[in-house]
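Here's the structure, in structure tokens; my notes come after.
Only heavy atoms go into these numbers, but all of them, side chains included; no hydrogens, no water, no symmetry mates. Naming convention: chains lettered A, B, ... in sequence-line order (proteins, then strands); numbering from 1 in each chain.
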Amino acid sequence: MRQSRHLGRTLREVPKDAQTAAHGLMIRAGYIRQLSAGIYVYMPLLLRSLNKISQIIREEMTRAGSEEMLMPAIQNKELWEKTGRWERYTAIDGIMFSFQDRRGSTVCLGPTHEEVITEILRQEINSFKDLPKNVFQIQTKFRDEIRPRFGLMRAREFVMKDAYSFDLDEAGLDVSYEAMRLAYHTICERIGFHYRAVEADSGAIGGSGSQEFMVLADTGEDTIIYCDQCQYAANQERAASRLEQFTQDTEERPMEAVLGEGLIGVEPLAEFLGIPVWKTTKTLLFEADGNLVAVMVRGDCDVNEIKVANFLGGADVKLTAPERIKELTGAAVGYAGPIGLPDNVRIIADFDVDHRVNFECGANQTNYHNINVNFGRDLPLPEFSDFKLAQAGHQCPHCDGTLQAQRGIEVGHIFKLGTKYSEALKCVAPDGQGQQPPVVMGCYGIGVSRMAAACVEQNHDDRGMIWPIHVAPYHVHLLCLTPKDEAVVARCDALYQTLQDAGVEVLYDDRTARPGEKFSDADLIGLPIRLAISKRTLEQDCIEVKLRKDADNQMLSQEQTLALIQEQLG
RNA sequence: CGGGGUGUAGCUCAGUUUGGCAGAGCGCCUGGUUUGGGACCAGGAGGCCGUAGGUUCGAAUCCUAUCACCCCGACCA
């Protein structure tokens with residue numbers, strides 16, 4: 001492509017809307033233009049990268065036995081009502097765009113396609129012999145995100161690959177899931193990501209097992225918890241951890257309420273009371289689908305709200321408002337405790353709250369703290385489960401290692417869905433013996449446009465992008481540095497043709513700009529191989545070659561240049 | 001949804017407090033000098049000041065409404 005004809009000019013100044021370095025680079029380099037909040041135009045350079053990422057995904061999905069199809073973006077309300085998700089996605093979460101058509105029917109723009117594909121499979125499957133099936137599509141998805149962010153990273157309209165597997169039983173699902181898992185690893189490796197697969201929470205979509213594929217980047221919206229000794233890695237939403245255990249007092253002391261004014265936070269509290277922080281207890285009040293729940297965790301921990309929600313059967317869990325806390329506890333916020341709460345408050349506690357002798361907790365009275373509290377004597381045993389947020393520094397749940405934390409961008413997520421959708425939509429596989437069991441489903445998503453954003457996020461410097469060659473918009477950026485010199489132009493034109501004939505994708509900067517501007521634009525656009533030709537290189541009968549990721553350039557003959565390009569493409 | 005902020009030239013922003021000719025830098029166009037990391041000189045084009053209404057002799061500026069975008073929070077396959 002001749003750059004003089006290319007659409008997508010570069011900007012010298014960073015647009016004010018840029019929220020991350022990579023987001024700013026995408027705008028400055030002419031890859032994206034914003035149309036409205038979270039809605040972007042994919043300019044020619046970006047589209048080429050998206051197509052390459054899509055092609056890699058397409059090849060690996062096909063290789064793994066999935067078949068490509070394409071479903072409509074517009075879906076009808078009735079289908080979503082059958083699975084009970086209409087209300088959740090529109091009224092409660094408000095994430096789905098919906099509107100009325102000419103005839104007054106309510107329709108939506110698909111944020112995901114479980115309903116549609118399950119409905120289709122219901123029609124297509126007549127026997128257990130028709131299974132398994134696995135299909136995928138690469139398509140624009142619509143989600144009215146509450147807070148679009150970071151350009152393509154969290155957009156309201158975006159490109160997604162979604163795949164769905166249909167099996168006779170759990171064992172079949174395991175096979176399908178494993179094939180997808182391996183394909184996802186291959187896809188990430190081919191694109192060139194520095195990434196990690198982690199255990200994940202399956203969230204509102206439902207189901208049992210799930211893993212996320214996380215591209216490692218400090219600007220990622222998710223936190224990954226991983227072990228420094230074994231292979232354990234999980235999204236912080238899901239991660240388990242063990243806490244350091246301490247020697248307990250040998251005898252129980254009498255409980256008492258201690259006055260300690262204005263103590264904010266567990267450290268000052270522990271210091272004031274003369275006890276270790278691990279003896280303190282945080283009690284947080286939540287409303288779960290309207291029911292009150294008090295959650296206790298050890299003072300040196302935080303509550304993982306997702307674990308609480310899962311424990312309560314997928315309830316909508318929210319921290320209780322301060323005014324309500326005052327009503328319930330009779331104390332200012334910060335003094336809630338398990339003793340003396342109203343009867344309608346269900347008390348649940350993290351495992352590590354237990355097995356402590358003479359611990360502290362809030363007294364439900366402003367400025368008062370109960371010390372030397374003991375389960376069984378001062379209050380009944382609450383329901384125990386895992387409610388704490390795993391943090392760096394905690395111990396690994398599987399070995400003696402210490403957990404570490406790192407930020408990640410979720411580019412892929414694979415789920416074992418089970419029969420939630422097939423049951424709701426009656427997608428069954430007659431077994432020939434009179435039974436009609438629902439098919440067992442899996443679903444597998446990849447954020448295609450998010451992958452492009454993650455790629456830039458992970459590969460850039462202060463001057464611009466540094467694309468991995470297999471997803472770069474073009475392989476080579478050819479710069480004609482002296483566009484007024486006919487001999488130089490002729491040489492560039494010839495090389496441009498030669499490269500294209502050899503199957504090399506070239507962006508040819510034939511503009512009448514000064515060399516400095518061309519170098520800056522080349523750095524910004526970030527194509528992996530830069531070739532420069534000028535009067536100077538012509539005199540030496542060679543080409544100046546520079547890899548975007550390297551600091552130095554080299555003068556090579558045309559043969560050497562072609563060889564180097566082939567080597568890079570290999 | 002709650003709190004805050006911003007809408008003025010293609011981009012980044014002054015000007016609004018205290019009403020009085022519509023501004024700067026970058027970019028763009030023309031001519032000239034330059035020519036390997038966004039060069040210099042001279043000249044030029046370009047804005048219904050987000051939109052609608054109001055106050056006023058006079059509104060980018062004050063008032064009201066409204067729309068859009070951004071940030072923080074809540075929330076979020």
Side-chain angles (χ1 to χ4, degrees), chain A residues 9-19 23-24 27-28 30 33-39 85 88-89 91-96 110-114 141-151 153-156 158 160-164 200-207 210-213 221-222 235 237-238 287 305-306 309 314 316-322 410-415 417 420-421 443-447 450 463-464 479-485 488 509 511-524 530 532-539 544 546 553 555:
Chain A
R9 68 197 189 89
T10 56
L11 308 177
R12 200 192 297 212
E13 295 184 73
V14 182
K16 62 177 176 182
D17 292 350
Q19 289 164 34
H23 181 199
I27 299 169
R28 283 187 56 212
R33 296 291 181 242
Q34 181 173 333
L35 198 59
S36 71
I39 311 275
R85 290 211 294 179
R88 173 105 204 172
Y89 271 66
I92 299 173
D93 291 342
I95 205 170
M96 187 152 68
T112 177
H113 280 72
E114 281 82 13
K141 292 277 192 281
F142 301 86
R143 291 186 194 175
D144 195 0
E145 293 284 352
I146 294 164
R147 184 94 188 274
R149 252 193 279 242
F150 307 147
M153 205 61 83
R154 182 171 291 275
R156 297 198 297 165
F158 58 99
M160 178 172 170
K161 186 284 300 179
D162 47 325
Y164 305 90
D201 183 77
S202 46
I205 202 164
S210 92
Q211 275 187 303
E212 287 168 335
F213 288 74
E221 291 185 285
D222 289 282
N235 190 312
E237 294 178 344
R238 152 115 189 165
E287 282 175 56
E305 287 187 34
I306 291 169
D316 185 29
V317 173
K318 279 181 185 156
L319 260 181
T320 304
E410 178 192 351
V411 294
H413 200 160
I414 57 178
F415 298 86
L417 281 182
K420 174 176 172 179
Y421 298 92
C443 80
Y444 317 92
I446 287 180
R450 182 182 280 183
R463 296 198 311 277
L479 310 187
C480 176
L481 294 185
T482 14
K484 285 184 181 163
D485 186 308
V488 171
D509 192 347
R511 298 173 303 169
T512 57
R514 297 166 58 82
E517 192 173 341
K518 295 194 175 190
F519 286 133
S520 295
D521 276 353
D523 288 340
L524 185 57
R530 188 185 83 190
I533 291 180
S534 66
K535 242 176 176 167
R536 187 191 295 176
T537 65
L538 213 57
E539 284 163 6
E544 181 194 290
K546 181 179 175 300
N553 58 33
M555 301 294 274

At 4.0 Å (heavy atoms only), tell me whether [X] reaches a base, stays on the sugar-phosphate, or touches nothing.
{"X": "A:Lys484", "answer": "base"}
{"X": "A:Asp521", "answer": "base"}
{"X": "A:Arg530", "answer": "base"}
{"X": "A:Thr512", "answer": "nothing"}
{"X": "A:Arg9", "answer": "sugar-phosphate"}

- When you check the gap from the basic side-chain N to the acidic O, do A:Arg238 and A:Glu212 get nearer than 4.0 Å? no
- Query: Is any side-chain N of the basic residue among A:Lys420 and A:Glu114 closer than 4.0 Å to the acidic one's carboxylate O?
  - Reply: no
- Query: C1' atom, B:G10 versus B:G3: distance in rounded Å?
  - Reply: 34 Å
- Message: Please compare A:Tyr444 and A:Thr10 by the position of their nearest nucleotide in RNA chain B and report the one closer to 5'.
- Response: A:Thr10
- Query: Start at the 5' end of RNA chain B and walk down; is the nucleotide closest to A:Gly412 or to A:Arg536 reached first?
  - Reply: A:Arg536
Closest listed nucleotide, where the reference is the side chain of [X] and the choices are [options]:
{"X": "A:Gln34", "options": "B:G36, B:C76, B:C70", "value": "B:C70"}
{"X": "A:Arg514", "options": "B:G37, B:A39, B:G36", "value": "B:A39"}
{"X": "A:Arg463", "options": "B:G36, B:C11, B:G37", "value": "B:G37"}

- Item | Integer-rounded Å distance: B:C76 P and A:Leu319 CG | 12 Å
- Task: Output yes when at least one side-chain N/O atom of A:Arg12 is less than 4.0 Å from OP1 or OP2 of B:U12, else no.
- Result: no
